[in-house]
Trainee: 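For reference, the structure I am asking about is given below.
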Amino acid sequence: MQTTTQSSVKAIHKYRPYWAKRFGIAPILPMTRAEMDVLGWDSCDIILVTGDAYIDHPSFGMALVGRLLEDQGFRVGIISQPDWSSAEPFKALGKPNLYFGITAGNMDSMVNRYTADRKIRSDDAYTPGAIAGKRPDRAVLVYSQRCREAFSDVPLVIGSIEASLRRIAHYDYWSDKVRRSILVDSKADILLYGNAERALIELSHRIADGEKVENIQDIRGTAFLRKKIPEGWEEVASTHLDRPGKIEVHADPYEMKMGVGSDCETKEKLPEDVKVIQVVRKTKTDRSKQVVRLPSFEEVVDNPVLYAHASRVLHLEANPGNARALIQKHGDREVWLNPPPIPLTTKEMDYVYGMPYARKPHPAYGDAKISAWEMIRFSVNIMRGCFGGCTFCSITEHEGRIIQSRSEESILKEVEEIRDKVEGFTGVISDLGGPTANMYRMACKSETIEASCRKLSCVYPGICENLNTDHTALIQLYRKARNTKGIKKVLIGSGLRYDLAVTSPEYVKELVQHHVGGYLKIAPEHSEENVLSKMMKPGMGSYNKFKEMFDRFSKEVGKEQYLIPYFIAAHPGTTDEDMLNLALWLKEHDFKLDQVQTFTPTPMAMATAMYHSGKNPLRKVTNDSEAIPIPRDRKSVV
């Protein structure tokens, strides 16, 4: 479904290809000069630096970005997991003609390396042989520095989840302090946040056409530094939008004034003692030329209340249909965030996932096992985004709330490609999913309402009446996928949103009787309403209803199947009593847990703002607003 905002932008598959398109498609993107020579390249136009092993599959960011840029005509090279002790490995492919694209990889480098207790992990799922320590802490900063040392005049473009979630001043759990925007510390020229295909393609073509990267400041989904606000923009203080102090009533869009007389034409002059109400229509504000000023880095670093306030405002300005630009001062410079990217249409999603991926790791890794690849090689990503808005999760901050779905034809074609091309396939598709298993093709019933909505979640505290929760398209997809020739079984491995599932008993029956391999993952996260309200998760009533359906439909076909619930310990707002009640609930339901995670405060998440400030940013934040208990066990910082 296209929104009005989508229809007004250039489709990503409609650009005229760059001249190097004549070189054709690479069997796999090169990681060495020898591979470039085989392809007939004297140089790369774009070099992508990543903290992950290079696996040519759309579930891995650098492969997706690389193949997309290749289709646009650019020669793309990959520098994977370079030795960062010097700049030499960053010169391996020569000097890129256009820019370096830098990412830590599919995971934040700090989350990848450290546990919730700040202990170093013993393995890395994105590295051949699961060897730990193949990427530096805060990899985007380190890689950016080395690229500058290698070629000081080459533009630096940073992106993916590590950069995306650090685009403004952010609380860093590992050092236990508020750090500056990653733009400032990396000295990058521009940052792409969120789903960046649209911004990436426009940026690449404009740099190729000769524009200076420092002059490209009008692309949605980008952040950059500037000295001052340009002419023609209206600055709005965030404290006026959501005042972190005394609560004042917001002005009504129509101001009613009492006055004597009227400008309206009348045939008779009214008596002087008669008061007439004048309706004064305020000038309509052009939101596209408004920029919201967040409290500066210097203010939020020492003031947790202002930090929580800034987090709240950023999340309220997250809908591509109505979000305004944001600005935050860091010293004498301004970090400027353009509004979020316009979501991809179904046709554009099909284009992205329809690239000629080799669907395997780069041959340089030989027979080494890469755990992340083993986990997803027989799975298909059918959609992006999540409108759940769980406060502890980074998916919404990164991918947005609007669901971007592929077509049924595109998905089934990928199923057939896995059957025909992926070594070791036994006929079992391990997952048809995404951030959530069952949000495929779900959207607001009204484009107008969707474009103006400022809610943080479509399903909390209850499912929005404007949300279309029809599971029919997903049911049909499941049936066609499992009936594809050569497919024995289609499992659903992504986490299920059970409060949505129970609205469609037909879907639950289809799922339980055909697509569960004995166990199904779901995520109640906690049993207590006090904690669930801080997570923006549904109450246990929905879980109980889903479990009843799950058990009944399993019994109908004579299958013994089990739910695997996920829980989070020590989430902000959790008390000792809450944890005791959770333990009693687990005992009552005879659960022996192996899926419990301690809350990890990741940059930009709402729950992280709770953890740092002790305030609840789901409501207006003031010095005397709701304080919430924060479970803490101080460890050494990194």
Side-chain angles (χ1 to χ4, degrees), residues 1-6 194-195 242 311-323 339-346 349 382-406 433-475 494-504 507-508 522-526 529 532-543 545-546 604-607 616-619:
M1 180 182 69
Q2 277 197 348
T3 65
T4 53
T5 49
Q6 286 172 324
N195 293 314
D242 200 80
S311 174
R312 174 174 165 80
V313 171
L314 181 140
H315 284 81
L316 290 173
E317 296 291 337
N319 182 346
N322 60 43
I342 301 298
L344 299 182
T345 64
T346 295
M349 284 284 286
I382 66 174
M383 45 76 69
R384 285 185 191 164
C386 180
F387 49 68
C390 300
T391 60
F392 54 83
C393 181
S394 299
I395 292 172
T396 300
E397 281 87 353
H398 186 57
E399 296 191 3
R401 293 180 180 81
I402 296 175
I403 303 302
Q404 301 162 77
S405 300
R406 296 169 62 183
T436 305
N438 58 321
M439 289 185 181
Y440 180 68
R441 290 195 174 278
M442 291 189 183
C444 190
K445 296 175 183 177
S446 164
E447 293 181 3
T448 302
I449 293 174
E450 179 182 77
S452 60
C453 182
R454 293 172 68 80
K455 289 181 65 176
L456 299 177
S457 171
C458 301
V459 289
Y460 184 84
I463 297 174
C464 178
E465 61 181 9
N466 296 309
L467 179 66
N468 173 20
T469 61
D470 186 6
H471 285 69
T472 301
L474 192 54
I475 294 169
S494 297
L496 187 79
R497 189 80 194 199
Y498 54 82
D499 52 343
L500 287 174
V502 296
T503 66
S504 175
Y507 170 75
V508 178
I522 58 172
E525 309 296 5
H526 214 282
E529 181 60 32
L532 292 170
S533 68
K534 307 302 185 298
M535 296 177 168
M536 289 211 300
K537 291 285 289 186
M540 295 307 288
S542 295
Y543 168 82
K545 187 175 181 180
F546 178 78
M604 203 174 286
M606 291 283 268
N616 184 0
L618 298 178
R619 302 173 181 173

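Along the sequence shown, the residues carry numbers beginning at 1. As the structure is a prediction and not an experimental result, all values here were calculated from the model.
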Trainee: For G389 versus T396, what's the shortest heavy-atom pair and its separation?
Mentor: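 Closest approach of G389 to T396, heavy atoms only: N-OG1, 3.7 Å.
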Trainee: Looking at every non-hydrogen atom in both residues, tell me the closest pair between C386 and M439 and how far apart they are.
Mentor: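 Looks like SG-CE, 3.7 Å.
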Trainee: Roughly how far apart are R406 CZ and L344 CG, rounded to 0.5 Å?
Mentor: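 One finds 12.0 Å between CZ of R406 and CG of L344.
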Trainee: Kindly give the heavy-atom pair with the smallest separation between P617 and M606, and that separation in Å.
Mentor: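 Heavy-atom minimum between the residues: O-CE, 3.6 Å.
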Trainee: Indicate yes or no: at least one non-hydrogen side-chain atom of K537 is less than 4.5 angstrom from one of Y543.
Mentor: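 Sidechains of Y543 and K537: no contact.
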Trainee: Over all heavy atoms of both residues, which pair between I402 and P320 is shortest? Give the atoms and the distance, please.
Mentor: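 The answer is CD1-CD, 4.2 Å.
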Trainee: Under 3.5 Å, is there a donor-acceptor pair between the side chain of T391 and the main chain of M536?
Mentor: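 It does not hold such a pair.
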Trainee: Is the shortest side-chain heavy-atom distance between P538 and Y498 below 4.5 Å?
Mentor: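 The answer is yes, as the side chains (C-beta and beyond) meet within the 4.5 Å cut-off.
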Trainee: Could you give the distance from CG (L467) to OG (S446), rounded to the nearest 0.5 Å?
Mentor: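 One finds 12.5 Å between CG of L467 and OG of S446.
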Trainee: Find the distance between OG (S533) and CG (L618) and round it off to the nearest 0.5 Å.
Mentor: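 If we round to the nearest 0.5 Å, S533:OG and L618:CG are 8.0 Å apart.
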Trainee: Could you check H398 against M604 for side chain to side chain contact (heavy atoms under 4.5 Å, CB included), going step by step and ending with a plain yes or no?
Mentor: CA-CA 10 Å; H398 186 57; M604 203 174 286; over 6 Å; no
Trainee: As an exercise, state the distance from CD of E450 to NZ of K455, rounded to the nearest 0.5 Å.
Mentor: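 One gets 13.0 Å once the value is rounded to the nearest 0.5 Å.
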Trainee: Decide side chain to side chain contact (heavy atoms under 4.5 Å, CB included) for T503 and D470; before the verdict, give the C-alpha distance in whole Å, the side-chain angles of both, and the deciding distance to 0.1 Å.
Mentor: CA-CA 8 Å; T503 66; D470 186 6; over 6 Å; no
Trainee: Hey, does the side chain of S452 reach the backbone of I449 with a donor-acceptor pair shorter than 3.5 angstrom?
Mentor: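 Present.
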Trainee: Using every non-hydrogen atom in the two residues, find where S504 and I475 come nearest and quote the distance to one decimal.
Mentor: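 Residues S504 and I475, closest heavy atoms: OG-CD1, 4.3 Å.
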Trainee: Tell me whether N466 contacts the main-chain N or O of K445 through its side chain, where contact means a donor paired with an acceptor under 3.5 Å.
Mentor: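 No, the answer is negative, given that no donor and acceptor are paired below the 3.5 Å cut-off.
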Trainee: For a 4.5 angstrom cut-off between non-hydrogen side-chain atoms, does R441 reach T346?
Mentor: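 Answer yes - side chains close enough.
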Trainee: Would you say M442 and H471 make side-chain contact, with heavy atoms under 4.5 Å?
Mentor: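 Yes; the side chains approach each other to less than 4.5 Å.
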Trainee: Out of curiosity, N616 CG to K534 NZ, how far, rounded to the nearest 0.5 Å?
Mentor: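 The NZ atom of K534 is 6.0 Å from CG of N616, to the nearest 0.5 Å.
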Trainee: Look up atom CD in E399 and atom OG in S394, then write down how far apart they are to the nearest 0.5 Å.
Mentor: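 The CD atom of E399 sits 10.5 Å away from the OG atom of S394.
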Trainee: Applying side chain to side chain contact (heavy atoms under 4.5 Å, CB included) to R401 and C458, what does each step give before you reach the verdict?
Mentor: CA-CA 8 Å; R401 293 180 180 81; C458 301; 5.5 Å; no
Trainee: When you measure from the side chain of N438 to the backbone of L496, do you find a donor-acceptor pair of N or O atoms at a distance under 3.5 Å?
Mentor: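 No, because the side chain of N438 does not come within donor-acceptor range (under 3.5 Å) of the backbone of L496.
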Trainee: Return the minimal non-hydrogen interatomic distance between G433 and S494, and the atom names on each side.
Mentor: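 The pair with the smallest heavy-atom distance is CA-OG, 3.5 Å.
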Trainee: Sort and list the pairs that fulfil side-chain hydrogen bond (donor to acceptor under 3.5 Å, both in side chains) and have at least one residue in residues 311-322, not counting sequence neighbours.
Mentor: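 Sorted result for residues 311-322: D242-R312, H315-E397, E317-R324, E317-R454.
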Trainee: In the structure I gave you, are the side-chain heavy atoms of L500 and T436 within less than 4.5 Å of one another anywhere?
Mentor: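 Heavy-atom side-chain distance check fails, nothing below 4.5 Å.
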